[in-house]
> 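I have a structure here, written as structure tokens, and I will follow up with some questions on it.
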Amino acid sequence: MKKLIVALVISVFALNIQAQEAADKKLQAGLVAGFGLNFQKMGTDRLQSDGVGSDFTIGANVILDINDALAFNTGLEFDFESLKYKAGINPVYYLYEDKNILRLDKNQGVYSSTPDSVGVNNYFRLDQREQNVVYLTVPTMFVFRTNFIGYFRYFGKFGLRTSFALSSKSTDFGSVLGLDGIEIIEEGEMINTDMKSKGNQFIIKSAVGLSGGFEWNFTGGTSLVGEIGYYYGFTPLYNKRTFFNDIDGEFANKATQNQLQLKVSILF
């Protein structure tokens, strides 16, 4: 019995020594990967969310100690996002030329009522859209941490994830219409792939969020970190008018986005 107690005391002491190596670090840096779910909040009845989108994240993070219980988390992450939405009760259209969706901008002389004025040959009735966007994200979050208990310590984070749009493409399902709005050039469902809309994606997306998780100091000064968080988006996803319908004329896609994310990282 005495030997067992001595062994337990020695084991706990050894764990604390190893964990102390990570606890004493003023800076931790490493790689991060994650998967998330995107929830679009459509700000107009003309368009509706069409299920849950996804988000794959990969990048590098840095954690800077402020004191024993508080740290600051930042880094650079690439987010590969998908989102889905569809037309509402009334048909929705857009003008396009090859792979480019034309903006409905009075300064450009583009009007929903006279699509032939810009020299295009047809327009598209949008039934459903699957969009893929690549963002560069900079997290700026405060980390509230416990002391190590053996190999583990636990934390909560609060702050912002601010993203910058790098590219955006969409696959659209619907029908191609002639300029008279009646003749269907392609019978049945038509797919427009890799469609682009220059300037339509709002360049900055920001969300405030909370996350929580654990840090496992599994060897030396190296730790495995797991966390889950929820982020509330408060900036618009789009900023240009590209759609029109027969009732309201031209309009913009008003939408924001919330995210649920699961992330794993290795810190050195």
Side-chain angles (χ1 to χ4, degrees), residues 35-57 79-105 110 112 115 122-135 137 161 163-177 181 184 186 188-207 209 230-261:
F35 176 79
L37 300 177
N38 299 330
F39 306 93
Q40 277 60 248
K41 296 176 62 178
M42 312 306 293
T44 172
D45 292 334
R46 304 176 186 98
L47 296 168
Q48 300 176 0
S49 180
D50 190 25
V52 178
S54 62
D55 176 31
F56 174 71
T57 301
D79 286 311
F80 301 88
E81 295 189 3
S82 72
L83 55 91
K84 303 175 183 179
Y85 56 89
K86 60 185 178 181
I89 297 175
N90 300 307
V92 172
Y93 309 94
Y94 66 76
L95 301 172
Y96 75 101
E97 202 168 23
D98 193 23
K99 297 291 185 182
N100 298 313
I101 297 173
L102 303 178
R103 288 183 293 171
L104 300 175
D105 190 335
V110 179
S112 61
N122 46 46
Y123 60 102
F124 194 81
R125 187 189 72 210
L126 179 69
D127 295 333
Q128 179 186 16
R129 169 168 289 181
E130 297 178 0
Q131 186 177 8
N132 294 293
V133 189
V134 179
Y135 287 101
T137 299
R161 296 187 82 245
S163 304
F164 303 88
L166 301 180
S167 69
S168 174
K169 294 182 180 180
S170 65
T171 298
D172 295 339
F173 302 86
S175 299
V176 178
L177 307 182
I184 299 179
E186 298 287 344
E189 187 175 68
M190 175 71 178
I191 302 177
N192 274 357
T193 59
D194 294 332
M195 300 302 292
K196 301 177 182 178
S197 181
K198 184 178 180 180
N200 183 45
Q201 200 76 27
F202 202 78
I203 190 170
I204 296 177
K205 182 185 72 170
S206 192
Y230 187 79
Y231 301 89
Y232 177 83
F234 57 87
T235 56
L237 296 179
Y238 309 99
N239 68 341
K240 296 293 182 181
R241 295 173 295 176
T242 58
F243 296 114
F244 61 93
N245 63 24
D246 297 331
I247 297 176
D248 305 303
E250 59 193 52
F251 65 90
N253 181 1
K254 299 178 181 179
T256 57
Q257 183 184 75
N258 298 336
Q259 292 180 307
L260 179 67
Q261 285 194 331

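Here the structure is a predicted model, which means the values were calculated and not measured. These numbers come from the heavy atoms of this one structure, side chains and all, not from hydrogens, waters or symmetry mates.
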> Taking atom OG1 of Thr44 and atom NZ of Lys254, what is their separation to the nearest 0.5 Å?
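Interatomic distance, Thr44 OG1 to Lys254 NZ, rounded to 0.5 Å: 7.0 Å.
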> What is the distance from atom NZ of Lys41 to atom CG of Asn258, rounded to the nearest 0.5 Å?
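Here the interatomic distance stands at 5.5 Å.
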> Classify the angle between the aromatic ring planes of Tyr85 and Tyr238 as parallel (below 30°), tilted (30 to 60°) or perpendicular (above 60°).
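The arrangement is perpendicular - the two ring planes meet at more than 60°.
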> Do Arg161's NZ or CZ and the ring of Tyr231 fall within the cation-pi criteria of under 6.0 Å and 45°?
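The answer is yes, since Arg161 meets both limits relative to Tyr231.
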> Hey, are Asp50 and Arg129 close enough for a salt bridge, meaning a charged N less than 4.0 Å from a carboxylate O?
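Answer for the salt bridge query: no.
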> Sub-3.5 Å donor-acceptor pair from the side chain of Asn38 to the main-chain atoms of Ser82, do we have one?
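Here the side-chain-to-backbone pair exists.
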> Would you call Asp194-Lys99 a salt bridge at under 4.0 Å N-O?
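Here Asp194 does not pair with Lys99 in a salt bridge, since their nearest N and O are not under 4.0 Å apart.
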> Can you tell me how the ring of Tyr123 sits relative to the ring of Tyr93, calling it parallel under 30°, perpendicular over 60° and tilted otherwise?
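Tyr123 vs Tyr93 ring planes: perpendicular.
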> Run the ring-centre check on Phe56 versus Phe35 and record whether the distance is less than 6.0 Å.
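So the answer is no for these two rings.
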> Backbone N or O of Asp172 within a donor-acceptor pair of the Ser170 side chain at under 3.5 Å?
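Between the backbone of Asp172 and the side chain of Ser170 there is no qualifying donor-acceptor contact (under 3.5 Å).
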> What's the separation between atom OG in Ser163 and atom CD in Gln257, rounded to the nearest 0.5 Å?
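Nearest 0.5 Å value for the OG-CD distance: 8.5 Å.
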> Quick one: ring-ring contact (aromatic ring centres under 6.0 Å, His included) partners of Phe124, sequence neighbours excluded?
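So Phe124 forms a ring-ring contact (aromatic ring centres under 6.0 Å, His included) with Tyr94.
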> Hey, does the Lys NZ or Arg CZ of Lys205 hover above the aromatic six-ring of Phe164, less than 6.0 Å from the centre and inside 45° of the axis?
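Not satisfied by the 6.0 Å and 45° rule.
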> Under 3.5 Å, is there a donor-acceptor pair linking the side chains of Asn132 and Glu81?
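No donor-acceptor contact under 3.5 Å links the two side chains.
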> Just verifying a value: how many Å separate Lys84 NZ and Phe173 CZ, rounded to the nearest 0.5 Å?
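Nearest 0.5 Å value for the NZ-CZ distance: 9.0 Å.
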> Nearest 0.5 angstrom please: Gln40 CD to Leu47 CG, how far?
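The distance works out to 12.0 Å.
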> Quick one: are the ring centres of Phe80 and Tyr135 less than 6.0 Å apart?
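No; Tyr135 has its ring centre 6.0 Å or more from that of Phe80.
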> Ignoring hydrogens and geometry beyond distance, is a side-chain donor-acceptor pair present between Thr235 and Ser206 at under 3.5 Å?
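No, no side-chain donor-acceptor pair sits under 3.5 Å.
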> Do NZ/NE/NH1/NH2 and the carboxylate oxygens of Glu130 and Lys169 come within less than 4.0 Å?
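Answer for the salt bridge query: no.
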